[in-house]
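Below is one structure; the comments refer to it alone.
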Amino acid sequence: MTGFVSAKTWRSTTAVIALVAMTAGADGAAADDAALADHKIGYTMVNKAVAIYQTADGKAECPNGLNDGPREQFDKLYPRDGTSRTLLETQLEREGEIWNPSLEKEKLPFYEAQGKTAIGLNLDGKVGPNDYTSPTGEKGIDNQMYRSVGCVASYRGPDGSYRHFTESYMQQFDFNRTLLELTDVESLANDSDVTVSVYRGLDPLLLDSAGEHIPGGSQRADHRWGKEFIQHIKGKIVDGVLTTEPTDVFLPETLARGVAKQFIHAWRVQLKLSPEGAEGLMGGYVDVERLYNLLGQNWATHFRSYGQESLPSEYRLFRKNADGYPDPKTGEMTAISTAWEVKFQQVFIMHPPTSVATAKPAKQDDIAR
Amino acid sequence: MAVFAKAGIVKAGPAVCLVAALALVSCSAPIGKDQGAAPKVASTPEPANDGSEKRLRVLSEAQYLNTLAHVFGPDVKTEPHFPPAQRYDGLLALGTARAGVSGAQLELYQKAAVTVAGLITNRERRGYLMTCKPASEKAADRACAQQFLAYTGRLLSRKPLPQAELAAFVETASASADKLQDFYAGLAIALEAMLVSPKVIFVAERSESDPQHPGQQRLDAYSLATRLSLFLWNAGPDDAVLKAAESGEILTPKGRARVVNMMLASPRLETGMRAFFDDMFAFDDFSTLAKDPKIYPSFTGVTAQDAREETLRTVIDHLITKNGDYRDLFTTRDTFISPSLAAQYRLPAPPTWTPYEFPEGAPRAGILTQISFLSVHSHPGRSSPTLRGKALREILLCQPVPPPPPNVDFSAVENPNSPIKTARERINIHQKNPACAGCHKIMDPMGLALENFDAIGRYRDTEKGAPIDASGSLDGKAFKDVVGLGQVLHDHPALTSCLVKRAYSYGTGGSAKADDKDKLDYINARFAEQGYKLPDLLRTITLSNAFSRINETPAPAATAASAN
């Protein structure tokens, strides 16, 4: 007996999987059959990074170089030229700006990413004037987040500060466990109608002897405190690629403090599936105010300084480049199109024996809770 | 052939000779006929016998730590890293009677003693670990020191301290306290001295004349209490067992039965039996187990640790909790899994240890098919029917297999570019070489039955694309797969007689000798009569004359006297 499910129940629910796994053939085939037992397969997210199109030297998308961060901006705003300045006029003013961002014209230059190429998804099904073309030639890519932060070191690979800590905290904190469970799956190659359920998981990621993520772990879906993360979405698999219908979701994302979830409008995935994992993109529209609050609360200035990430400067671009979900009163766009490169590993997802959780659309109203 | 360690007493007698004889037995001889003979059915009383020898043993690290935990509580911990004993006749426990103690090892004992004494007398613990409170914390208090050291000394040295020794410890505590102006600092120094004293570190058994059997010797009450406790609990005796020794109750048949039953009913039995099976199964090999991370990246240190734990949990659950038949350990589908093991078994698992039953028809049945046995008896990069077969013979059937001759040409079986696909084909090479065939034919047919599991115990039914044939035979009994092997093993007479031999050796601290045959036959028969239940076996052994009677033979010069 364990604290989560009774041993008896757990035994019975795993018996089918066990039998298939144990009687299957070679390792690869066995993993495939075991993972797809009962027409289900589970995955857990192990990597997530804002999709940034980068050329080798970065000059094409960032001809002016990378943007200044808090330290560089501070030095330029308040040069050590003998001028006497008070704490209120300098440090406190800059700190205050973080919590009271302004749309007034930037005193210092802050550059958008240039070019017509970006990684992402066509979220609105249209090809608009601000849309990008993907590196593989797909038109209509919506990723205005890339335009806003493509020249901020923190977001750029391979080791931008935000990238690094997002991945690091995904491993460190079991809270940051996004699960996808595909049910009614006939084949990982093609299936026109599958159900994709989103859960928050409760358990650590499985690592190999070198500390790399590997498939085959187990995750308990959080049906108790993670109800707000639960979604059941329709999807389809074509040539091994899963796509899903757009749905508003919360995804768990705590970075040690502050806001512990990210709200995404019209979220969807485009993932290449295998029995061992899934890899590809997820996209949607991120509410600008909520994102700014998340970044401000979760990231201390020293983290942002490592990544040369000036939050007040980013805010201006988020608002300027927002391209979705107009405010009903003002018509001003409130959300910004975003794409993430994501990677999942196969896991066995376990549910409590008597789950009472039901799908509940994530709503903007929930943000206030 | 004799081994006389400075601190150990072991006779070069028949015990060693028997080991040598078994090791040198020709591989062509039909193993299993004489060594694995079915025990004679005998519900008759124990045959007359001369018991076992007195031992001088050094406490193992686990016994030292278990004793400390029992006396002071589980949070009084140290990591002494005492050197492991050398394995003799299948058991590390027998090595503790052959071990010397070097100067470097004494330093380890002292370091551990300093740590433990500090933990016991520190401000957080002294309030509940001390049996009295000094009149002043800044001065000696002989009465309080005496009370605590007498209480502690009795439990640590497994008998009451003689008055002179106690007085010396009290004097050390008092003089140090006065000098340091700190009662607890002084007490810690005395406690440190006690913890490194030979009476704590060594187990020196004593014998006395048996009034019920004139002319015969028996263990004295305290030595019997300690032998029982190290066997059943892997720790020193507690207050209740010592009281039975102090009163002499433990020396009466009725009193001894009461004490044994009390010890068998104690939760400490689980600790003791975990230690025994960990030793018998040679699970100390896990401390050095490593797999090639390029071939088996999923096999981590946690996997190895959990694999060991899985089998020990299965053993304890089956043999103690369920009081099951020992033979069924090799056919049971019940086990326990952790998240790390579940990844190898390709199963879901909650984050904690969970009981699990492999479904009917699955190729996992019995502890042979658990990751522990499969991984520890494989090469870092591939499975090994030979290593697995050898382990099965030696560990489970007590049938030593000689080492390979020094001039073996391994090139044919170790060629990485060989066109040979399966282990069966590779091993067939041995069968063509008469120098190899003799031994390989007693190991390989059993090991090949486990070829459906790779070097980390993951299931497979092909190797390099070729189907795996897991059929084989064990001493004339054919089987088609590993489940069949488990059943044949279940019915093999040497399986139970091997456990009896190991348990008796482990309990009495020395190798079974050729002239122990009658005793072992008796224990085997009782074991069979009682349905091969471990608690019954332990009761039979511990209540036997063979366990408590002492075969007093002149010992060599370096004897237990050094610890007295």
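Throughout, a chain's letter reflects where its sequence line sits, starting with A, and its residues are numbered from 1.
- Here the side chains of B:P339 and A:S218 are not in contact, with every heavy-atom distance at 4.5 Å or above.
- Considering all non-hydrogen atoms of both residues, A:M350 and B:A349 come closest at CE-O, 3.1 Å.
- Contacts from residues 296-303 of chain B to chain A, taken as heavy-atom pairs separated by less than 4.5 Å, involve B:P297, B:S298, B:F299, B:T300 in sequence order.
- Counting heavy atoms of neighbouring residues, nucleotides and ligands inside a 6.0 Å radius, atom NZ of A:K234 exceeds 12 of them.
- Interatomic distance, CG of B:D292 versus OG of A:S209, reported as 9.0 Å (0.5 Å rounding).
- Atom NZ of A:K236 is surrounded by 12 or fewer heavy atoms from other residues, nucleotides or ligands within 6.0 Å.
- Residue A:I349 does not touch chain B at all, counting heavy-atom pairs closer than 4.5 Å.
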